[in-house]
Amino acid sequence: MTFELQAQDTKSNARAGLIQTDHGPIETPIFMPVGTVGSVKAVHQTELADEIKAQIILGNTYHLYLRPGLDILERAGGLHQFNSWKKPILTDSGGFQVFSLAHRRKIKEEGATFQSHIDGSRHLFTPENVMDTQRTIGADIMMAFDECTPGTADFDYASKSMAMTHRWLDRCIDRFDHTEPKYGYHQSLFPIVQGCVYPDLRKRSAEFIASKGREGNAIGGLAVGEPTEKMYEMIELVNEILPKDKPRYLMGVGTPANLLEGIERGVDMFDCVMPTRNGRNGMLFTRNGIMNMRNHKWVDDFSPIDPEGTATVDTLYSKAYLRHLFISDELLGLQIASIHNLAFYLWLVGEARKHIFIGDFSTWKDQTIKKITNRL
RNA sequence: GGGCAGUUACCAGAGUGGCCAAAUGGGGCAGACUGUAACUCUGCUAGCGUAAGCUUACGGUGGUUCGAAUCCAUCACUGCCCA
């Protein structure tokens, strides 16, 4: 994998770049649709590629390990073969599940034991076997196994958690460096900065992560309960330390406004379930603001879903029709909303990239945030 | 023509003397959702009021009772069965 810095905004830390992987290029800043169990929910691969113009998608180690399981993934020839996505894939390590499934896991120095949310069986995830699993999945970008610390953690907990994540990282790196890809193409390992909302911890963590000299770096443990302003502060602080010549990935973030604020602070990669999950729940993001498609106000609005939208569904269908689909629990509504939202997210980061090249990113960002945060 | 059962909020449907402006489900109206246990979750859903509260309400009318969706009479309507 290579990363080329192509443009740097003069008034902010925003930058545009190009990642090259064995599964093709990724133009940054980029948004990566989340496909936890090997599927971006309600969206075909053809739509992902042609309509949404996704360049890379996510998978999840925890979920794919439980289902379909490593044997099937290996026999399929890896996740790319299994789900017919020919472009790059990044897998999360299960570190987020240490947070989101906190009530059904136990953390020890060795690793985290999960009680499966599917059948209750117990499974130990260690830095070593999480590397092995991601080798089997065949992700282009593998994530280190970390503890995603809640944004509300106290300093003492955050400090100990961060230290353990660092020890886990060393074990991840050791295993990663002593194993080979299974399917003949290159895989990268991204370490993850933790440290909750504590500047001292974030600084130490960023220095530790940067010192590992991996091909890219990630910022984790944000948008997990802390105030948004704290999140922005942490991004700013961490990005002063993370190397400029490597891609920076802000994990799990976020709202369209979060993306622009992140880009301004030097983030290159984002992922979030928001466009797909909120889409399935009837919420549409557009360049003019946010719409709840279940609202009565759309009942007889026969104008296109998003007249300026880039996806076919945006002009093919009306707001009234989409509202009807949601009110009627029709599956097509989930598909249209998911495609629209993802296309919007990809359009947004693409525009950001353009404006970084043009040199007016900050001005454009301020105007855009005002519009996209409107409630329609 | 006779017998039986029933009529409760937008719909379905509990409730059979006070704890009932009335369970529950659906529908409707809003809100939430950030490395996905999520086509999920939360709130509201007679009127006025921020609220306490007040008013109108369980087919109609008239009773019994301190008190009625609940008991009685009668009328109307609906369903089933028999002729």
Side-chain angles (χ1 to χ4, degrees), chain A residues 31-43 56-64 66-67 89-105 114-120 130 134 139 141-151 165 190-194 218-228 231 235 249-259 261-262 267 269-285 290-299 323 325-338 341 345 375:
Chain A
F31 177 80
M32 309 181 282
V34 179
T36 306
V37 298
S39 147
V40 177
K41 295 185 192 298
V43 181
I56 171 172
I57 64 173
L58 260 68
N60 182 280
T61 301
Y62 167 84
H63 292 275
L64 290 168
L66 291 179
R67 268 194 317 220
I89 293 176
L90 180 152
T91 42
D92 183 34
S93 60
F96 183 71
Q97 280 63 44
V98 176
F99 162 76
S100 66
L101 300 179
H103 57 289
R104 39 195 323 134
R105 58 83 177 138
F114 288 94
Q115 187 163 15
S116 161
H117 67 280
I118 298 167
D119 64 5
V130 164
Q134 291 181 96
I141 299 172
M142 302 171 32
M143 298 308 299
F145 190 47
D146 65 336
E147 179 189 0
C148 176
T149 317
T165 287
F190 283 22
I192 304 169
V193 174
Q194 288 292 340
I219 309 168
L222 291 176
V224 281
E226 81 287 1
T228 306
M231 172 170 81
I235 296 168
Y249 163 31
L250 177 57
M251 305 185 74
V253 176
T255 66
N258 289 162
L259 263 56
E261 297 290 355
V267 175
M269 305 162 71
F270 303 86
D271 79 282
C272 192
V273 304
M274 196 172 274
T276 42
R277 178 190 291 166
N278 290 28
R280 290 195 305 281
N281 292 330
M283 183 175 186
L284 258 58
F285 300 94
I290 294 163
M291 297 188 283
N292 180 347
M293 294 317 299
R294 305 189 105 98
N295 284 176
H296 187 260
K297 69 209 291 185
W298 309 120
V299 70
R323 172 185 145 84
L325 294 177
F326 269 103
I327 295 299
S328 309
D329 282 331
E330 281 293 326
L331 297 178
L332 182 58
L334 311 184
Q335 299 179 29
I336 293 172
S338 300
N341 278 347
Y345 267 60
R375 303 289 305 210

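Each chain gets a letter, A, B and so on, in the order the sequences are listed, and its residues count up from 1. Keep in mind that the numbers below use all heavy atoms, side chains included, and drop hydrogens, waters and symmetry copies.
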Margin query: Applying a 4.0 Å non-hydrogen cut-off, can you work out what Gln97(A) is touching in the nucleic acid: base, sugar-phosphate, or nothing?
Written below: sugar-phosphate

Let me check something: any side-chain donor-acceptor pairs from residues 273-282 of chain A under 3.5 Å, sequence neighbours excluded? List them with distances.
| residue | atom | partner | partner atom | Å |
| --- | --- | --- | --- | --- |
| Thr276(A) | OG1 | Val273(A) | O | 3.0 |
| Arg280(A) | NH1 | Thr276(A) | O | 3.4 |
| Asn281(A) | ND2 | Arg277(A) | O | 3.4 |

Next item on the list: Calculate the interatomic distance between Asp146(A) atom CG and G35(B) atom C1'; express it in whole Å.
Entry: 8 Å

Check: CD1 of Ile89(A) versus C1' of G35(B): gap in Å, rounded?
Finding: 16 Å

Check: Applying the side chain to side chain contact (heavy atoms under 4.5 Å, CB included) test to Ile141(A), which of Ile89(A), Thr91(A), Ile56(A) qualifies?
Finding: Ile56(A)

Next item on the list: Could you work out the separation of G59(B) and A12(B) based on their P atoms and round it to a whole Å?
Entry: 13 Å

Next item on the list: Indicate whether the side chain of Thr165(A) and that of Glu147(A) have a donor and an acceptor atom separated by less than 3.5 Å.
Entry: no

Next item on the list: Name all residues meeting the ring pair (Phe, Tyr, Trp, His ring centres under 6.0 Å) criterion together with Phe96(A); count only those two or more places apart in sequence or in a different chain, and write none if there are none.
Entry: Phe99(A)

Item checked: Gap in Å between the two C1' atoms, one belonging to C75(B) and one to U7(B), rounded -> 14 Å

Margin query: Checking Phe190(A) now: which residues fulfil ring pair (Phe, Tyr, Trp, His ring centres under 6.0 Å) with it, not counting sequence neighbours?
Written below: none

Next item on the list: Scan every strand shown for a Watson-Crick or G-U wobble partner of U16(B), both distances under 3.5 Å, and answer none if you come up empty.
Entry: none

Next item on the list: Output all residues satisfying salt bridge (charged side-chain N to carboxylate O under 4.0 Å, His left out) with Glu226(A), sequence neighbours left out; order by chain, then residue number.
Entry: none

Checklist line | Inter-nucleotide C1' distance (A22(B), G18(B)), Å rounded | finding: 14 Å

Next item on the list: May I ask which nucleotide in the shown strands pairs with C4(B), Watson-Crick or G-U wobble, both distances under 3.5 Å?
Entry: G79(B)

Check: Can you list the steps and then say if His117(A) with His63(A) is a ring-ring contact (aromatic ring centres under 6.0 Å, His included)?
Finding: CA-CA 10 Å; His117(A) 67 280; His63(A) 292 275; 5.3 Å; yes

Check: Closest nucleotide of RNA chain B for Thr149(A) versus for Glu330(A): which of these residues is on the 5' side?
Finding: Thr149(A)

Next item on the list: Find the partner of U70(B): check Watson-Crick (N1-N3 plus N6-O4 or O6-N4) and G-U wobble (N1-O2, O6-N3) distances, both under 3.5 Å, and reply none if neither fits.
Entry: none

Margin query: For the P atoms, the ones on A76(B) and on U61(B), what distance do you get once it is rounded to whole angstrom?
Written below: 15 Å

Next item on the list: Report the base-pairing partner of G53(B) (Watson-Crick or G-U wobble, both distances below 3.5 angstrom), or none.
Entry: C48(B)

Check: Base, sugar-phosphate alone, or nothing: which one does Ser100(A) contact when heavy atoms must sit under 4.0 Å apart?
Finding: sugar-phosphate

Check: Tell me: CG of Leu66(A) to P of A37(B), nearest whole Å?
Finding: 11 Å

Item checked: Interatomic distance at C1', G1(B) relative to U55(B), whole Å -> 47 Å

Close N or O pairs between protein and nucleotides 32-34 of chain B (under 3.5 Å):
| residue | atom | partner | partner atom | Å |
| --- | --- | --- | --- | --- |
| A32(B) | OP2 | Arg375(A) | NH2 | 3.3 |
| C33(B) | O2' | Asn278(A) | OD1 | 2.9 |
| C33(B) | O2 | Asn281(A) | ND2 | 2.9 |
| U34(B) | OP1 | Arg277(A) | NH1 | 3.2 |
| U34(B) | O3' | Gly252(A) | O | 3.0 |
| U34(B) | O2' | Ala223(A) | O | 3.1 |
| U34(B) | O2' | Gly252(A) | O | 2.9 |
| U34(B) | O2 | Asn258(A) | OD1 | 3.3 |
| U34(B) | N3 | Asn258(A) | OD1 | 2.9 |

Next item on the list: Confirm from the modelled atom types if Asn60(A) and G35(B) form a donor-acceptor pair under 3.5 Å, side chain to base only.
Entry: no

Next item on the list: Name the pairing partner of C41(B), where a pair is Watson-Crick or G-U wobble with both distances under 3.5 Å, or state none.
Entry: G31(B)

Check: How far, in whole Å, is U34(B) from C41(B) if one measures between their C1' atoms?
Finding: 16 Å

Margin query: With rounding to the closest Å, how many angstrom separate the P atoms on G17(B) and C10(B)?
Written below: 26 Å

Notebook entry, point to check: So, does the side chain of His117(A) form a donor-acceptor pair with the base of A38(B) at under 3.5 Å?
Noted result: no

Note to self: For the C1' atoms, the ones on U45(B) and on A23(B), what distance do you get once it is rounded to whole angstrom?
What the structure shows: 16 Å

Margin query: Using a 4.0 Å heavy-atom cut-off, does Gln134(A) contact any base of the nucleic acid, only the sugar-phosphate backbone, or nothing at all?
Written below: nothing

Check: To the nearest Å, how far apart are Ile219(A) CD1 and G35(B) P?
Finding: 16 Å

Item checked: Whether Phe285(A) and Tyr345(A) hold their rings parallel, tilted or perpendicular, with breakpoints at 30° and 60° -> perpendicular

Margin query: At 4.0 Å (heavy atoms only), tell me whether Leu331(A) reaches a base, stays on the sugar-phosphate, or touches nothing.
Written below: base

Next item on the list: Give the rounded distance in Å between these two atoms: CZ of Arg105(A) and P of G35(B).
Entry: 17 Å

Item checked: All side-chain hydrogen bond (donor to acceptor under 3.5 Å, both in side chains) counterparts of Ser116(A), not counting sequence neighbours -> Asp119(A)

Item checked: Options G35(B), A37(B), C39(B), nucleotide nearest the side-chain atoms of His103(A) -> A37(B)

Item checked: Contacts of Asp92(A) that satisfy side-chain hydrogen bond (donor to acceptor under 3.5 Å, both in side chains) - sequence neighbours left out -> none

Next item on the list: Calculate the interatomic distance between Leu101(A) atom CG and A37(B) atom C1'; express it in whole Å.
Entry: 6 Å

Check: Between atom CG in Leu259(A) and atom P in G35(B), what is the gap in whole Å?
Finding: 12 Å

Margin query: Which residues pass the side-chain hydrogen bond (donor to acceptor under 3.5 Å, both in side chains) test with Gln335(A), not counting sequence neighbours?
Written below: none

Note to self: Distance check, rounded to the nearest 0.5 Å: Leu90(A) atom CG versus Met32(A) atom CE?
What the structure shows: 5.0 Å

Note to self: What is the distance, to the nearest angstrom, from the CD atom on Gln335(A) to the P atom on C39(B)?
What the structure shows: 14 Å

Between the protein and nucleotides 27-29 of chain B, which nitrogen or oxygen pairs come in under 3.5 angstrom?
| residue | atom | partner | partner atom | Å |
| --- | --- | --- | --- | --- |
| C29(B) | OP1 | Arg323(A) | NH2 | 2.9 |

